[in-house]
Amino acid sequence: MPDFKNLAFRFYLENFYPPNFSAALSLKEQEHNFHHLLSELKDTALGKDMRLSNISSYNEFSALPVTQYDFYEPYIERIKQGEQNVMTPDKVRWFGKTAGTTSGKSKLIPITQAVIDGHLRGTFYGLSRLHSFDESIDILSHKNFAMAGGIYETLQPSGIVVGDISAILMRNVPVPFRTIYVPDNALMTHSSWEYKLERIPGIVKNADVGALVGVPTWHLAVLSKIHEETHFNSLKGLWKNLRLFLHGGVNFEPYRQHFKELCGREDFIFYENYNATEGFFGAQANPEGGDLALLTDTGVFYEFIRFADFGKENAKALTLQDVETGVPYVLLITTLNGLLRYMIGDVITFTCLEPFSFRITGRTQEYINAFGEDLLLANVMNALMHTNEKWNVQVREYTVAPLYIHLEEKGRMQFVIEFEKPPADLAQYTTELDQQLQHENSNYAQKRNHSLALSTLEVIAAPPGTFYKWMESRGKLGGQNKVPRLVNGRKVMDELLQIMKQ
């Protein structure tokens, strides 16, 4: 039975962050966000350059160019030198450092108090929905074991602090909530992943942990260290009150079965949030997971370009009122950190319009089209999920890349997979995965027909630790750093294969 403080917290969430959304309310909030953002940003240097004061309607706004990070680099440099009111009207205290998953190039996103407040609103909306799913949630009664990113440096002369958004948010957790987290804030947000991995296991193993918070990959790294010492059979044996995993940052499906087996209890809850450096966009839509509810009250204005039109000149963007289910869209955002019609790189597909719910189905730069197959991340994720279920396999990490056609041989898809639980027969597993991928993507099936253009995909089983070594070689350990799943080129794959030869 939840105690008084949990009941009070539930009451607060229900009344100030109602968990149930409607399409009508979302559209109203988007209209408000649009005008509020124009008003806030019009007098900044960026706003003046873009003549935002002359814009009063969405039709006028939609004439502005779709932007990517390189558009903002001159403005970012001015902020780094200490100039204010460049992209945001409020003082920039932080730079959120993105992971640079696909391009390898980290980006600095201005973070103000208003932006942090938007992230906190998203957090509370997510927690409100979580509590509505299960009345026995008692998140304040036990420790939340959080794996955050790092705080890296303070820039001069501006004094702006650079860090991962998860670390920045932990540094700004409201005072009443700071005591529920473990490890302490300084260690949790330390810049060195190796330093944290050495010290965190000894601290958290004896704590009364009730929830895990963060990216599953890095939790597994800590749990592996604890297991080396304690040899626990299940997480229930290690932490008797552990019942919740608040996760995000990467697709959870490759890890779900492994964590289910690790947890050791039937009533364990997995809960997903869609929280990026640029803003807080979604929270789990239903208890079973899969779909995300679009958050429209976190200071973000959304636009959507059909993925089929991505890259075409003058591709038309849509507002929320014009989206359809089952259509992949490239996501554009306008936010209080000064990003205007900014393409963050995610591809989403709406599954429901009342209320607005969606799934992340790919990345604009994380897809493969080497042979005309237009392979999306969702195709690969679904094929892996069905194949792993059939073969009772668990995958820890994976990357997919094309092996290009040569005169001597046909092209094929090449998977490097680090298995947590490998298949009994890799050849049959590979055949099944190829068939599932054909089922998920008709273009791929067409190219595979009678092996006319593509031969059967190849699965290479990577030794344990391969992806860790690759991340380490790029200085991308810990925090929000993620392995790219689909790479429309050979660079990542060749680097992994080289590591495997060493």
Side-chain angles (χ1 to χ4, degrees), residues 33-53 64-65 67-100 105-123 148-175 185-186 188-191 275-281 297-302 332-345 479-481:
N33 286 351
F34 174 72
H35 292 291
H36 177 69
L37 286 163
L38 285 181
S39 176
E40 287 291 304
L41 300 177
K42 64 183 175 62
D43 293 324
T44 64
L46 173 64
K48 291 176 180 177
D49 289 345
M50 302 294 279
R51 299 182 179 180
L52 295 185
S53 61
L64 295 178
T67 63
Q68 298 186 60
Y69 184 75
D70 57 359
F71 174 84
Y72 299 95
E73 287 184 314
Y75 298 99
I76 297 293
E77 287 301 318
R78 291 166 62 178
I79 299 172
K80 288 166 69 175
Q81 294 306 311
E83 186 178 346
Q84 292 293 337
N85 201 36
V86 177
M87 292 174 62
T88 70
D90 301 327
K91 183 176 181 180
V92 176
R93 299 168 49 217
W94 308 84
F95 274 130
K97 188 177 183 179
T98 70
K105 178 183 178 182
S106 292
K107 306 165 187 176
L108 298 179
I109 304 298
I111 304 294
T112 66
Q113 186 57 51
V115 173
I116 291 172
D117 291 344
H119 281 276
L120 292 177
R121 288 186 67 78
T123 299
I151 299 296
Y152 299 112
E153 60 179 323
T154 301
L155 300 178
Q156 299 300 335
S158 65
I160 297 174
V161 178
V162 177
D164 295 319
I165 189 62
S166 56
I168 293 171
L169 294 177
M170 291 310 302
R171 290 284 180 96
N172 286 275
V173 165
V175 173
N185 210 288
M188 189 192 307
T189 60
H190 194 279
S191 61
N275 187 15
T277 305
E278 298 85 355
F280 206 124
F281 309 133
D297 187 28
T298 59
V300 181
F301 178 70
Y302 301 103
L332 307 181
I333 59 169
T334 297
T335 72
L336 281 171
N337 45 29
L339 302 173
L340 299 173
R341 311 198 75 207
Y342 181 72
M343 186 170 65
I344 64 171
Q480 298 159 255
N481 296 303

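Note that these values count all heavy atoms, side chains included, but never hydrogens, waters or copies made by symmetry.
- Looking at heavy atoms from C-beta onward, Glu278 lies in side-chain contact with Ile333 at the 4.5 angstrom threshold.
- Qualifying salt bridge (charged side-chain N to carboxylate O under 4.0 Å, His left out) partners for Arg51, counting only residues two or more places apart in sequence or in other chains: none.
- Pairs of residues two or more places apart, or lying in two chains, that qualify as side-chain hydrogen bond (donor to acceptor under 3.5 Å, both in side chains) and include a residue from residues 74-87 are Asp49-Tyr75, Glu77-Lys80, Arg78-Glu83.
- Taking the side chain as every heavy atom from C-beta outward, Ser191 and Glu153 never approach each other to under 4.5 Å.
- By the side-chain hydrogen bond (donor to acceptor under 3.5 Å, both in side chains) test, His35 pairs with Glu31, sequence neighbours left out.
- Lys107 NZ to Phe95 CZ: the interatomic distance, rounded to the nearest 0.5 Å, is 15.0 Å.
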Would Phe71 and Tyr342 count as a side-chain contact (heavy atoms from CB on, under 4.5 Å) if you check the C-alpha gap in whole Å, the side-chain angles of each, and the deciding distance to 0.1 Å? CA-CA 10 Å; Phe71 174 84; Tyr342 181 72; over 6 Å; no
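- Between Leu38 atom CG and Ser53 atom OG the span is 10.0 Å, to the nearest 0.5 Å.
- Leu37 is listed as a side-chain neighbour of Leu336, based on a closest heavy-atom distance under 4.5 Å.
- By the side-chain hydrogen bond (donor to acceptor under 3.5 Å, both in side chains) test, Tyr72 is found to be paired with Thr67, residues two or more places apart in sequence or in another chain being considered.
- Nearest approach of Thr277 to Lys97, heavy atoms of both residues: OG1-O, 4.3 Å.
- Here the closest non-hydrogen pair linking Ile160 and Trp94 is CG2-C, 3.5 Å.
- Here Met50 contributes atom CE and Leu64 contributes atom CG; the two are 4.5 Å apart, rounded to the nearest 0.5 Å.
- Atom NE2 of residue His119 and atom OG of residue Ser166 lie 10.5 Å apart, to the nearest 0.5 angstrom.
- For the pair Leu120 and Thr298, the minimum side-chain heavy-atom distance is 4.5 Å or more.
- Residues Ile165 and Leu169 form a side-chain contact, since some pair of their non-hydrogen atoms from C-beta on lies under 4.5 Å apart.
- By the 4.5 Å heavy-atom criterion applied to side chains, Met87 and Asn337 are not counted as neighbours.
- Remark: Arg121 engages Asp297 in a salt bridge, criterion side-chain N to carboxylate O under 4.0 Å.
- The structure places CD1 of Ile116 at 11.5 Å from OG1 of Thr123, a figure rounded to the nearest 0.5 Å.
- The shortest side-chain heavy-atom distance between Met170 and Ile151 does not fall under the 4.5 Å cut-off.
- Minimum heavy-atom separation, Leu41 to Pro89: CD2-CD, 4.0 Å.
- Partners of Asn185 by side-chain hydrogen bond (donor to acceptor under 3.5 Å, both in side chains), not counting sequence neighbours, listed by chain and number: Arg171.
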Using side-chain contact (heavy atoms from CB on, under 4.5 Å), reason through Leu46 and Val86 one step at a time and then give a plain yes or no. CA-CA 6 Å; Leu46 173 64; Val86 177; 5.8 Å; no
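- Here the side chain of Asp164 pairs a donor or acceptor atom with the backbone of Gly150 at under 3.5 angstrom.
- For the side-chain hydrogen bond (donor to acceptor under 3.5 Å, both in side chains) test, no residue two or more places apart in sequence or in another chain qualifies with Thr334.
- Between Tyr302 and Phe281, the ring planes lie perpendicular to each other; the angle is over 60°, past the 30° to 60° tilted range.
- Atom CD1 of residue Ile344 and atom CG of residue Leu339 lie 10.0 Å apart, to the nearest 0.5 angstrom.
- Side-chain atoms of Val115 and Thr88, non-hydrogen and from C-beta on, never get closer than 4.5 Å to each other.
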